[in-house]
Amino acid sequence: MSTQIQISPTPLNTQSCIDWIMSPESGGIDVFIGTVRNTTKGKAVLRLEFEAYERMAVAEINKIVKQAFEQWPVQKALVHHRTGVLNVGQVPVIVAVSAAHRAAAFEACRFIIDTLKETVPIWKKEIFEDGEVWVAAHP
Amino acid sequence: MSTQIQISPTPLNTQSCIDWIMSPESGGIDVFIGTVRNTTKGKAVLRLEFEAYERMAVAEINKIVKQAFEQWPVQKALVHHRTGVLNVGQVPVIVAVSAAHRAAAFEACRFIIDTLKETVPIWKKEIFEDGEVWVAAHP
Amino acid sequence: MKIKVLAFGISKDIFGSSSISLELANDATVYNLQYVLERQYPRLQQLASYMVAVNNEYALPGDTIHERDEIAIIPPVSGG
Amino acid sequence: MKIKVLAFGISKDIFGSSSISLELANDATVYNLQYVLERQYPRLQQLASYMVAVNNEYALPGDTIHERDEIAIIPPVSGG
């Protein structure tokens with residue numbers, strides 16, 4: 001079980017994530033890259049701001065990755081999450097999983113990002129021309 | 001429908017694929033990277049050799065990508081496939097899909113690589129210490 | 001006992017601070033903490049939901065809080 | 001009519017060449033082509049399966065072959 005989990009305000013580097021995840025034992029690698037989209041529900045987004053409860057976020061991501069290793073025959077898993085202010089087109093999150101066979105890589109990668117979005121204490125504020133809102137805070 | 005399909009003997013460049021697939025309209029990108037594994041069914045692999053019926057392979061990949069665009073709300077799709085001799089750890093194929101939302105990116109990417117492996121006229125020869133074999137040729 | 005409560009995201013806006021101090025009974029539960037907080041900061045009740053973490057783990061309403069525990073308010077998460 | 005058949009992967013090994021020429025009747029079908037090929041190259045029958053492509057499209061056994069069509073033998077694919 002080889003994992004690399006980082007939460008940091010520095011820009012994410014896709015290539016170094018891919019360099020880390022590749023190995024001679026792997027046949028398939030799935031990489032999910034989240035990017036800041038220029039609209040949400042039809043409204044123009046200027047930028048996003050991410051805040052994390054870092055210690056707990058790392059602990060929760062570790063739990064998710066551990067579950068992925070229990071559920072699928074995967075070799076390495078990487079989760080890098082950015083904090084701070086991000087402009088449109090920038091990358092808040094990268095999840096990468098390598099496995100001998102591609103099905104496990106796809107399924108574990110999807111599981112990790114889906115669960116991360118449900119349980120990991122990281123918050124996103126959308127900043128518009130006319131105001132800002134913490135995503136999902138209100139019903 | 002924005003697509004980039006390439007079959008070529010030159011080494012694939014993950015970063016330039018990701019640079020091409022990213023856009024301000026995207027929220028999620030899924031990238032599948034196939035890599036040459038050092039074993040197959042427990043036997044050490046020295047290298048692989050890929051051969052393509054290029055014209056038809058490009059046409060078949062185009063069909064698959066078109067189906068993906070019909071089935072999922074995706075924005076861009078890229079398929080790069082390598083030919084020639086590849087060593088362990090090298091990359092024969094990259095599939096990348098961008099979409100506003102991640103579910104479409106994951107599902108379309110998986111569909112493209114799964115279908116490519118079933119229908120696209122590309123052949124792989126595994127080269128071992130003691131011989132070589134065209135994969136899947138015999139029952 | 002006096003406890004410190006960390007706040008993130010919208011709960012930081014509601015508290016007006018990234019942490020607040022509270023006085024709680026010695027055998028207080030997470031439920032008791034929430035009761036005290038919601039009286040003091042009624043906007044917490046307008047959230048879609050929120051959780052309490054104790055020592056970097058999601059806690060249940062019946063869990064007891066001890067002095068020096070690290071308590072945090074976790075409004076609906078939206079990372080990724 | 002004389003037609004040219006392209007070969008790839010193991011079919012190239014079986015033919016000993018990346019293309020061969022064949023003499024076929026003018027109204028020959030894909031099925032007729034396969035019959036002629038399999039008599040001349042019996043190892044084709046040992047493949048897990050193989051398809052015939054006409055002008056870069058998978059063809060059915062009943063499809064007619066025309067002079068100057070681009071014909072290719074497609075053994076089981078294994079790309080990716």
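Numbers restart at 1 for each chain; the letters A, B, ... are given by sequence-line order, proteins then strands.
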S.K.: Highest number of heavy-atom pairs under 4.5 Å with chain D: which of B:Ala57, B:Ala136, B:Gly34?
M.R.: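 The candidate making the most pairs under 4.5 Å is B:Ala136.
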S.K.: Measure B:Val135 against the heavy atoms of chain D and call it side chain, backbone, both or neither at under 4.5 Å.
M.R.: both
S.K.: Between B:Glu60 and chain D, which part of the residue has a heavy atom less than 4.5 Å away: side chain, backbone, both or neither?
M.R.: side chain
S.K.: Quick one: what part of B:His81 sits under 4.5 Å from any heavy atom of chain D, side chain, backbone, both or neither?
M.R.: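 Only the side chain of B:His81 comes within 4.5 Å of chain D.
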S.K.: As an exercise, state the distance from CD1 of D:Ile73 to OH of B:Tyr53, rounded to the nearest 0.5 Å.
M.R.: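 Rounded to the nearest 0.5 Å, the CD1-OH separation comes out at 10.0 Å.
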S.K.: Count the heavy atoms belonging to other residues, nucleotides or ligands that lie under 6.0 Å from CZ of B:Phe128, then report whether that count exceeds 12.
M.R.: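 More than 12 heavy atoms, drawn from other residues, nucleotides or ligands, come within 6.0 Å of this atom.
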S.K.: Going from OG on D:Ser11 to CH2 on B:Trp134, what distance comes out if it is rounded to the nearest 0.5 angstrom?
M.R.: 9.0 Å
S.K.: For B:Lys63, look at atom NZ and say whether over 12 heavy atoms of other residues, nucleotides or ligands are found less than 6.0 Å away.
M.R.: yes
S.K.: Look at atom OH of D:Tyr31 and say whether more than 12 heavy atoms of other residues, nucleotides or ligands are closer to it than 6.0 Å.
M.R.: no
S.K.: Using the side-chain contact (heavy atoms from CB on, under 4.5 Å) rule, take B:Met56 and D:Leu6 through it: C-alpha gap first, then chi angles, then the decisive distance, then the call.
M.R.: CA-CA 12 Å; B:Met56 183 174 168; D:Leu6 305 177; over 6 Å; no
S.K.: Quick one: what part of D:Tyr50 sits under 4.5 Å from any heavy atom of chain B, side chain, backbone, both or neither?
M.R.: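 Nothing of D:Tyr50, per the 4.5 Å heavy-atom cut-off to chain B.
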S.K.: Please rank D:Ala53, D:Gly80, D:Ser49, D:Ala72 by heavy-atom pairs under 4.5 Å with chain B and give me the top one.
M.R.: D:Gly80
S.K.: Is it the side chain or the backbone of B:Pro92 that comes within 4.5 Å of chain D heavy atoms, both, or neither?
M.R.: side chain
S.K.: Look at B:Ile113, B:Val79, B:Thr119, B:Leu116 and state which one has the largest set of heavy-atom pairs under 4.5 Å with chain D.
M.R.: B:Thr119
S.K.: Crowded around B:Lys66 NZ? As in, over 12 foreign heavy atoms under 6.0 Å?
M.R.: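 No, because the 6.0 Å sphere around NZ of B:Lys66 holds 12 heavy atoms or fewer from other groups.
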S.K.: Using non-hydrogen atoms and a 4.5 Å limit, figure out which bit of B:Ala52 sits close to chain D: side chain, backbone, both or neither.
M.R.: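 Interface part for B:Ala52: backbone (N, CA, C, O).
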S.K.: Without swapping roles, check the side chain of B:Trp123 against the backbone of D:Pro75 for a donor-acceptor pair under 3.5 Å.
M.R.: yes
S.K.: Take a 6.0 Å sphere around CD of D:Glu23 and say whether it holds more than 12 heavy atoms from other residues, nucleotides or ligands.
M.R.: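 Yes, the 6.0 Å shell around CD holds more than 12 heavy atoms from other groups.
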S.K.: Let me know if B:Lys117 has heavy atoms under 4.5 Å from chain D in its side chain, its backbone, both or neither.
M.R.: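 Its backbone and side chain both get close to chain D.
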S.K.: Nearest 0.5 Å please: distance from the CG atom of D:Asn55 over to the CZ atom of B:Arg55.
M.R.: 10.0 Å
S.K.: Quick one: closest heavy-atom pair of B:Ala137 and D:Pro76, and the distance?
M.R.: O-CG, 3.9 Å
S.K.: Please classify the contact of D:Asp13 with chain B as side chain, backbone, both or neither, using a heavy-atom distance under 4.5 Å.
M.R.: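 The side chain, not the backbone.
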